[in-house]
Number of protein chains: 2
Amino acid sequence: MTLGRPAGQKGTKRLPTTQRSPNCGDPLVSLMPRVDVRVVLFMVSVGRALVALQADSTRWALPRGSPTQAESLDAAATRILTDTVGFAERYLEQLYSISHRSEGDWTVTVTYIALALAGAGGPPPNMAAWFDAVDLPDMNSVDRKIVDYALVRLRAKIGYTTIAFHLLPPSFSLSELQMVFEVVLGHEVDKRNFRRRIHAAGVLEATGDTRREGRHRPARLYRFRASHDAGACLVPGWTFGTELEATTL
Amino acid sequence: MTLGRPAGQKGTKRLPTTQRSPNCGDPLVSLMPRVDVRVVLFMVSVGRALVALQADSTRWALPRGSPTQAESLDAAATRILTDTVGFAERYLEQLYSISHRSEGDWTVTVTYIALALAGAGGPPPNMAAWFDAVDLPDMNSVDRKIVDYALVRLRAKIGYTTIAFHLLPPSFSLSELQMVFEVVLGHEVDKRNFRRRIHAAGVLEATGDTRREGRHRPARLYRFRASHDAGACLVPGWTFGTELEATTL
DNA sequence: GCAAAAGTGTTGTGTATACACCCATGG
DNA sequence: CCATGGGTGTATACACAACACTTTTGC
């Protein structure tokens with residue numbers, strides 16, 4: 001807890017660009033970065049992977065906000081989603097942290113991936129909108145890189161975790177689940193191999209009922225049994241307080 | 001993709017939390033967290049996995065320090081290792097970020113895993129020392145959880161990445177490599193299967209020479225060929241500047 | 001009866017595991 | 001010659017990819 005090596009080093013390291021934070025006239029303020037949390041909220045709807053963005057001054061930007069002392073970073077991410085895009089995510093996972101200079105400030109940004117259910121939030125309020133994750137609008141370069149990396153991680157993790165279920169309602173058909181995989185991965189998958197893998201994973205439970213929609217055979221419906229999910233063991237056990245990392249619906 | 005929604009929201013969304021930095025003498029100082037970087041530096045020596053800790057006031061603690069505006073978080077982690085334990089790591093990877101209240105301050109901590117070469121740093125300076133990673137001394141609870149989680153991640157990643165090579169000198173025998181795996185994983189592995197896997201990975205190159213030590217057959221030596229390493233594709237492409245995530249020796 | 005999506009099995013290929021012996025050297 | 005660690009191969013089980021047809025329903 002010896003807080004770092006005393007001021008000597010900071011002094012030698014500091015650039016001549018005596019940077020100021022917005023509300024303080026002290027030149028030493030640059031030794032203290034702003035901290036913000038930014039969340040990449042994904043949703044799958046009508047065959048596309050969507051990302052929630054909010055209107056910035058002239059461009060689009062990730063939902064962001066400052067954490068408070070009273071909450072964990074995870075809780076801050078959840079709160080930010082509610083405040084900015086009016087959505088309650090069903091899964092939240094920390095992505096990465098970076099230090100950067102943007103918009104005149106020195107900022108340390110903690111990024112998150114969140115997953116939401118299509119159609120579950122009403123129309124996005126607060127100047128927010130959904131965009132195709134692979135066809136992003138004009139946005140600042142930091143946020144764009146965050147979204148790109150979030151998509152890489154989402155694509156990787158859908159293969160060996162159960163996050164896909166958080167993009168679907170509590171009850172769903174195997175074809176719907178397969179569609180989520182195909183949309184996220186960006187390519188088709190074989191129906192038989194897919195169903196075998198899913199069943200072998202042992203995390204699905206038939207609800208018993210079926211759903212007819214259209215002039216064809218009705219689909220059996222399933223629900224996700226989180227209690228049989230072995231994938232949750234990969235997350236840090238130290239969420240330091242209240243919330244779980246994988247909100248298991 | 002409809003772009004350019006105007007600015008109104010930013011004004012309405014911003015909280016009244018006029019944030020101040022600690023040097024302003026303002027009671028609202030708590031709205032601005034301290035930011036620190038803490039590094040779990042691992043090394044494998046004489047059959048044990050070791051972690052570098054520095055002496056705190058009364059207990060042991062992770063090497064830590066504050067990032068500066070002029071450097072990336074990765075660079076801060078590297079600098080902190082040099083300053084606190086006098087070691088240059090050979091691999092660095094961000095672990096996780098947390099917000100916590102400890103020692104009276106609100107702190108956002110960005111944690112890193114680092115790997116070093118046994119015997120490469122001389123005696124640890126600055127009240128630092130090496131401890132068995134599975135038999136930690138008295139230390140604060142936050143740092144202990146960080147070390148525990150770092151070990152979980154290290155154990156997981158040694159199986160599907162090439163990080164193990166960063167715990168060995170440039171030239172090594174297969175038995176030494178296997179020993180590193182066994183020490184990190186905490187259990188023995190089959191020699192033949194191990195060697196087959198390593199060779200199949202295609203990232204090793206025989207140096208051509210051998211090493212005799214003891215009254216038995218000399219071991220062939222190998223070097224790690226980072227250029228044939230497919231594992232580096234999993235890291236974020238946005239390190240925002242100078243340093244690579246996997247310092248490939 | 002036909003259009004449209006649901007649902008189902010087999011086969012090959014590669015990858016991981018379990019397991020035991022000979023080799024080269026120093027003393 | 002023997003003690004010590006270096007080095008090798010085979011048989012088996014499991015996971016994954018490729019591949020086509022039957023079933024159930026609405027119209």
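Because only heavy atoms are used, hydrogens play no part in the values below, and waters and symmetry mates are left out as well, while side chains stay in.
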Would you tell me if any nitrogen or oxygen in the side chain of A:Arg195 comes within less than 4.0 Å of OP1 or OP2 on C:dG7?
yes

Distance, rounded to the nearest Å, where A:Arg197 contributes CZ and D:dC14 contributes P
18 Å

Ignoring the backbone of A:His216, work out which of C:dG7, C:dG9, C:dA4 is nearest its side chain.
C:dA4

Are B:Ser175 and D:dG5 close enough that a side-chain N or O sits under 4.0 Å from OP1 or OP2?
no

Between D:dG5 (C1') and B:Gln178 (CD): distance, integer Å:
11 Å

Could you walk me through whether B:Gln94 and A:Tyr96 satisfy the side-chain contact (heavy atoms from CB on, under 4.5 Å) test, starting with their C-alpha distance in whole Å, then the side-chain angles of each, then the deciding distance to 0.1 Å, before giving a yes or no?
CA-CA 8 Å; B:Gln94 196 180 101; A:Tyr96 209 76; 3.7 Å; yes

Where does the angle between the aromatic ring planes of B:Trp130 and B:Phe87 fall among parallel (under 30°), tilted (30 to 60°) and perpendicular (over 60°)?
perpendicular

Please report, rounded to the nearest Å, how far the P atom of C:dA18 is from the CD atom of B:Glu188.
13 Å

Let me know the distance between CG of A:Asp190 and P of C:dT10, rounded to the nearest Å.
16 Å

With a cut-off of less than 4.0 Å, is there a side-chain N or O of A:Arg220 near OP1 or OP2 of C:dT8?
yes

Result for 5'-nearest mapping on DNA chain C, choosing between B:Lys191 and A:Thr210, is A:Thr210

Donor-acceptor pair, side chain of A:Arg59 and main chain of A:Pro137, under 3.5 angstrom
no

B:Tyr222 OH - D:dG6 P separation (whole Å):
12 Å

For A:Arg197, is the CZ atom crowded, meaning more than 12 foreign heavy atoms sit under 6.0 Å from it?
no

Does A:Arg217 contact D:dT23 through a side-chain donor or acceptor facing the base, at a distance under 3.5 Å?
yes

First encountered from the 5' end of DNA chain C, between B:Arg215 and A:Leu174:
A:Leu174

Could you state the atom-to-atom distance from CG of B:Asp209 to C1' of C:dA24 in whole Å?
17 Å

Under a 3.5 Å distance rule, please check whether B:Arg64 uses its side chain to pair with a backbone N or O of B:Val39 as donor and acceptor.
no

With the side chain of A:Pro218 defined as its heavy atoms from C-beta on, choose the nearest nucleotide among D:dT24, D:dC16, C:dA20.
D:dT24

Atom pair distance, as rounded to whole Å: CG in B:Asn193 and C1' in D:dG7
14 Å

May I have the distance from A:Arg196 (atom CZ) to D:dA17 (atom P), rounded to whole angstrom?
10 Å

Quick check for you: among C:dG9, C:dA6, D:dG7, whose closest atom lies nearest to any side-chain atom of B:Ala219?
D:dG7

